[in-house]
Amino acid sequence: LRRRIASVISPYSPLPASTTAHGRSRRVISWATSANGVSGVLALFNCERTLVESYLERRIPIVLVKPLVRVQGAPFVATDHCAETQHATLSLVRRGHERIVYVAVDQHVEIPNVEHSEVAANFVVEERVRGYRLAMREAGLEQNIYVHSVPVRFVPCLRRARLYEALRETGATACCCFNDDLAGRVYQTCREHRLSIPGDLSVIGHDDADIARALQPGLTTIEAPLEE
């Protein structure tokens with residue numbers, strides 16, 4: 001995605017700015033408002049509300065690309081997280097599944113090395129969960145809606161133990177996961193408790209990450225049209 005954006009804006013003399021270091025907000029704001037002649041900002045995977053608000057206050061045009069948080073007054077472009085998850089969930093329903101659990105990360109997540117990093121109602125989580133809920137209601141399975149949220153700071157073994165309890169208590173035959181990393185944890189959980197995939201549990205991931213091709217059996221995953 002970064003390469004695609006770079007190719008599109010290359011005629012306009014882009015100035016790339018990395019924001020990976022701690023305390024980066026102040027440095028990047030200073031960089032963008034200095035004598036660099038910056039006339040606009042594309043913020044990829046933005047997760048800092050304060051940073052975007054600072055651009056807006058200085059009337060620097062900014063567009064968020066696949067943002068993790070929405071900021072009032074800042075236009076954004078993103079794939080349709082809701083529709084993607086809705087389609088994936090309905091595909092499980094069409095294959096005969098009625099007890100489908102959605103495995104998500106907790107909406108109040110902290111992103112390492114980011115100032116003001118707590119992201120309340122993470123935009124992506126919110127939209128993907130909404131897609132799952134819409135699909136279950138559309139299929140007449142509203143009574144079976146179950147979202148299992150994984151707190152980011154929990155150690156992996158504890159996450160998997162709680163996940164197994166959720167699958168057992170709901171009698172789930174399928175689960176739709178927020179991303180492929182969580183799908184990988186579902187695979188681990190199934191191995192630890194001698195559940196077969198897809199025999200005992202069908203699993204769908206999201207984002208088409210490298211782990212999707214490494215898992216056995218291969219993971220069905222949602223590939224978003226990022227280049228579009």
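Note that the structure is predicted; figures quoted are calculated from it, not measured.
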Can you confirm whether Ile222 sits close enough to Glu84 that some side-chain heavy atom of one is under 4.5 Å from a side-chain heavy atom of the other?
yes
Quick check: closest heavy atoms across His206 and Thr221, and the distance to 0.1 Å?
N-OG1, 3.3 Å
Does any non-hydrogen side-chain atom of Val93 lie less than 4.5 Å from one of Leu141?
yes
Going through the checks in order, is the side chain to side chain contact (heavy atoms under 4.5 Å, CB included) test met by Ile100 and Tyr132?
CA-CA 9 Å; Ile100 304 169; Tyr132 161 74; 4.2 Å; yes
Taking every heavy atom of Arg137 against every heavy atom of Ile145, the minimum-distance pair comes out as CG-CD1, 4.2 Å
Atom pair CD1 (Ile62) and CZ (Phe76), whose distance is rounded to the nearest 0.5 Å:
13.5 Å
Report, as yes or no, whether the 6.0 Å neighbourhood of atom CD on Gln143 holds more than 12 heavy atoms from other residues, nucleotides or ligands.
yes
What I want to find out is whether Glu165 reaches Arg168 closely enough, with some N-O distance under 4.0 Å, to be called a salt bridge.
yes
For Ser91, all residues meeting side chain to side chain donor-acceptor pair (under 3.5 Å), sequence neighbours excluded
none
Count the heavy atoms of every other residue, nucleotide or ligand shown that sit under 6.0 Å from CZ of Arg94, and state whether that count exceeds 12.
yes
Distance-minimising heavy-atom pair for Leu182 and Val103:
CD1-O, 3.7 Å
So do the side chains of Val186 and Cys177 get within less than 4.5 Å of each other, counting heavy atoms only?
yes
Might you point out which heavy atoms bring Val129 and Tyr102 nearest each other, and give the distance in Å?
CG2-CE2, 3.8 Å
With distance as the sole test, does Arg194 use its side chain to make a donor-acceptor pair with the main-chain N or O of Cys190 at under 3.5 Å?
no
Report the C-alpha distance between Val105 and Ser149 in whole Å, list the side-chain angles of each, state the deciding distance to 0.1 Å, and finish with yes or no for side chain to side chain contact (heavy atoms under 4.5 Å, CB included).
CA-CA 5 Å; Val105 293; Ser149 295; over 6 Å; no
For Thr220 and Val203, what are the C-alpha separation, side-chain angles and deciding distance, and is it a side chain to side chain contact (heavy atoms under 4.5 Å, CB included)?
CA-CA 7 Å; Thr220 299; Val203 183; over 6 Å; no
From CA spacing to verdict: side chain to side chain contact (heavy atoms under 4.5 Å, CB included), Arg95, Leu92
CA-CA 5 Å; Arg95 278 155 39 187; Leu92 290 170; 3.7 Å; yes
Is it the case that the side chains of His97 and Ser202 hold a donor-acceptor pair, with the cut-off being a distance below 3.5 Å and no angle test?
yes
Ring geometry between His193 and Tyr164 (parallel below 30°, tilted from 30 to 60°, perpendicular above 60°):
parallel
Does the distance from a Lys or Arg side-chain N to an Asp or Glu carboxylate O, for Arg213 and Asp208, drop under 4.0 Å?
yes
Mind checking the CD-CZ spacing from Glu127 to Arg130? Nearest 0.5 Å is all I need.
4.5 Å
Examine the side chains of Gln72 and Glu53 and answer whether a donor and an acceptor come within less than 3.5 Å of each other.
no
Specify the closest pair of heavy atoms between Phe178 and Asp207, including all atoms of both residues, with the distance to one decimal.
O-OD2, 4.4 Å
Distance (rounded to the nearest 0.5 Å) between Thr173 OG1 and Glu98 CD:
8.0 Å
Hydrophobic clustering (ILVMFWY, side-chain heavy atoms < 4.5 Å, transitive) - are Ile211 and Leu163 grouped together?
yes
Closest heavy-atom pair and its distance - Leu219, Tyr187:
CA-OH, 3.5 Å
Hey, could you give me the CD/OG1 distance between Glu223 and Thr79, rounded to the nearest 0.5 Å?
11.5 Å
To the nearest 0.5 Å, what is the distance between OG1 (Thr189) and CG (Leu195)?
9.0 Å
In the single-linkage hydrophobic clustering (I, L, V, M, F, W, Y; side-chain heavy atoms under 4.5 Å), do Val147 and Val150 co-cluster?
yes
Here the gap from Arg133 atom CZ to Glu138 atom CD, rounded to the nearest 0.5 Å, amounts to 16.0 Å
Is there a side-chain contact between Cys175 and Leu201 (heavy atoms, below 4.5 Å)?
yes
